[in-house]
Amino acid sequence: METSQRDEQQRAAEQRRRELLEAADRVVLRDGPGASMNAIAAEAGITKPILYRHFGDKGGLYRALAVRHTDALLSGLRAALDAPAGRRERVEATLDSYLAAIEARPQVYRFLMHPDEGRPGDPGFDVGRHSAPLLRRMGEELALVITERVDLGPDGEELARAWGHGIVGMMHAAGDWWLRERPYPRGRLVRHLADLLWGRLAVSGERADGPGF
């Protein structure tokens, strides 16, 4: 009986946390990096101390939102990699999946990657400490995909990790510049980045025991 009650309480707490994150999402979509704990608490219909009880501080809320959006982004990247198409087409689809995601929700992207824009000089929020883990996670995930799918020889795992983090860094830097300046349509940037990646990847074989790439 006690175990059942604890499970029910845990499910209720998880549901409440999801509801608070959805409220935070709505505020971030409206306010971008300027989203405040006060505004999020008001959107959720609670007081700020209750919000702190669930997430600790702005950093805790940021991390929870980052996990939520990174999970969705990684799901989109995996779907693009698994699409029934040629390798070049899948490379382009993967790049496009990332760029389309940040284009569709630029305020969320700015909140996650440039939170200092909302509160310049905020001494209580270290941008690099919070945003860098997102890029590292994406780099490790992409490295795993490359290791599973592409035969890169005896040093394949080492090379896949270098590629994974390098590709994510390229997507992030190029996407950040493109989102700010919009010098040309997204599809053109996709082709430019795919051209840059295509050299070694085009001539690498697929792993015999992998799902293909």
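These figures come from a predicted structure and were not determined experimentally. In this chain, residues are counted from 1 in sequence order.
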Engineer: Identify the two heavy atoms, one from Ala39 and one from Arg30, that lie closest to each other, and give their separation to 0.1 Å.
Structural biologist: CB-NH2, 4.1 Å
Engineer: Might you point out which heavy atoms bring Val28 and Val108 nearest each other, and give the distance in Å?
Structural biologist: CG1-CA, 3.8 Å
Engineer: Evaluate the side chain to side chain contact (heavy atoms under 4.5 Å, CB included) criterion for residues Val91 and Leu81: first the C-alpha distance (whole Å), next the side-chain angles of each, then the deciding distance (0.1 Å), finally the verdict.
Structural biologist: CA-CA 7 Å; Val91 168; Leu81 285 166; over 6 Å; no
Engineer: Hey, any chance Val27 and Leu29 share a hydrophobic cluster, counting ILVMFWY side chains that come within less than 4.5 Å of each other, even indirectly?
Structural biologist: yes
Engineer: Tell me if a side-chain donor or acceptor on Asp57 pairs with a main-chain N or O of Gly60 at a distance below 3.5 Å.
Structural biologist: yes
Engineer: Salt bridge (charged side-chain N to carboxylate O under 4.0 Å, His left out), that's the test. Do Asp155 and Arg161 meet it? Break it down for me.
Structural biologist: CA-CA 10 Å; Asp155 296 324; Arg161 292 191 76 194; over 6 Å; no
Engineer: Considering all heavy atoms of both residues, which atom of Thr147 and which atom of Ala160 are nearest to each other, and what is their separation?
Structural biologist: OG1-CB, 3.1 Å
Engineer: Inspect the surroundings of CD in Glu157 and state if more than 12 heavy atoms from other residues, nucleotides or ligands are less than 6.0 Å away.
Structural biologist: no
Engineer: Of the non-hydrogen atoms in Tyr98 and Leu73, which two are nearest, and what is the gap between them?
Structural biologist: CD1-CD2, 3.7 Å
Engineer: Are Leu20 and Ile46 close enough that some pair of their side-chain heavy atoms sits under 4.5 Å apart?
Structural biologist: yes
Engineer: Between Glu103 and Arg182, does a salt bridge (charged side-chain N to carboxylate O under 4.0 Å, His left out) hold up when you go through it step by step?
Structural biologist: CA-CA 10 Å; Glu103 182 181 31; Arg182 303 294 181 98; 3.6 Å; yes
Engineer: Step by step, work out the side chain to side chain contact (heavy atoms under 4.5 Å, CB included) result for Leu134 and Met113.
Structural biologist: CA-CA 9 Å; Leu134 307 186; Met113 292 300 176; 3.9 Å; yes
Engineer: Hey, mind stepping through Arg68 and Arg63 against side chain to side chain contact (heavy atoms under 4.5 Å, CB included) and telling me if it holds?
Structural biologist: CA-CA 9 Å; Arg68 178 184 177 92; Arg63 286 189 295 274; over 6 Å; no
Engineer: Would Met171 end up clustered with Trp177 when hydrophobic side chains under 4.5 Å apart are linked, directly or stepwise?
Structural biologist: yes
Engineer: Can you name the nearest heavy-atom pair linking Arg136 to His165, along with the distance?
Structural biologist: O-CE1, 3.4 Å
Engineer: Calculate, to the nearest 0.5 Å, the distance between atoms CH2 and CG belonging to Trp198 and Leu193 respectively.
Structural biologist: 14.0 Å
Engineer: Is the closest basic N to carboxylate O distance between Arg191 and Asp96 below 4.0 Å?
Structural biologist: no
Engineer: Could you tell me whether the side chain of Ser97 and the main chain of Ala93 form a donor-acceptor pair under 3.5 Å?
Structural biologist: no
Engineer: CG/Leu95 to NE2/His192 distance, rounded to the nearest 0.5 angstrom?
Structural biologist: 12.5 Å
Engineer: Can a donor-acceptor pair be found, under 3.5 Å and without considering hydrogens, that links the side chain of Arg110 to the backbone of Gly32?
Structural biologist: no
Engineer: So which pairs with a foot in residues 69-81 pass salt bridge (charged side-chain N to carboxylate O under 4.0 Å, His left out), sequence neighbours left out?
Structural biologist: Asp71-Arg137, Arg78-Glu141
Engineer: I'd like to check the salt bridge (Lys or Arg N to Asp or Glu O under 4.0 Å) partners of Arg26; sequence neighbours left out, ordered by chain and number.
Structural biologist: Glu43
Engineer: Ignoring hydrogens, what is the shortest heavy-atom contact between Ile102 and Gly175? Give both atom names and the distance.
Structural biologist: CD1-O, 3.8 Å
Engineer: Applying a strict under-4.5 Å side-chain criterion to I, L, V, M, F, W and Y, I'd like to know whether Leu197 and Leu144 cluster together.
Structural biologist: no
Engineer: Measuring from Phe55:CZ to Ile40:CD1, what's the distance to the nearest 0.5 Å?
Structural biologist: 8.5 Å
Engineer: Begin with the C-alpha distance, continue with both residues' side-chain angles, and end with the deciding distance and a verdict on salt bridge (charged side-chain N to carboxylate O under 4.0 Å, His left out) for Arg18 and Asp25.
Structural biologist: CA-CA 10 Å; Arg18 282 193 297 271; Asp25 260 345; over 6 Å; no
Engineer: Given Met138 and His172, is the side chain to side chain contact (heavy atoms under 4.5 Å, CB included) satisfied, shown in steps?
Structural biologist: CA-CA 10 Å; Met138 289 177 61; His172 169 60; over 6 Å; no
Engineer: Mind checking whether Val67 and Phe111 sit in one hydrophobic cluster, side chains of I, L, V, M, F, W, Y counted as touching below 4.5 Å?
Structural biologist: no
Engineer: Is a side-chain donor or acceptor of Arg17 paired with a backbone partner of His54 at a separation under 3.5 angstrom?
Structural biologist: yes
Engineer: Do the side chains of Val145 and Val150 get nearer than 4.5 Å, heavy atoms only?
Structural biologist: no
Engineer: Tell me whether Leu142 is reachable from Leu196 by hopping between hydrophobic residues (I, L, V, M, F, W, Y) whose side-chain heavy atoms are closer than 4.5 Å.
Structural biologist: yes
Engineer: Report the distance from atom OH of Tyr62 to atom CG of Leu112, rounding to the nearest 0.5 Å.
Structural biologist: 5.0 Å
Engineer: Cationic tip of Arg186 within the cone over Trp178's six-membered ring, i.e. under 6.0 Å and within 45° of the normal?
Structural biologist: no
Engineer: Any chance the side chains of Tyr109 and Asp176 put a donor and an acceptor closer than 3.5 Å?
Structural biologist: yes
Engineer: Is there a side-chain contact between Gln107 and Pro33 (heavy atoms, below 4.5 Å)?
Structural biologist: yes
Engineer: If you measure from the Lys or Arg side-chain nitrogens to the Asp or Glu carboxylate oxygens, is any gap between Glu19 and Arg16 under 4.0 Å?
Structural biologist: yes
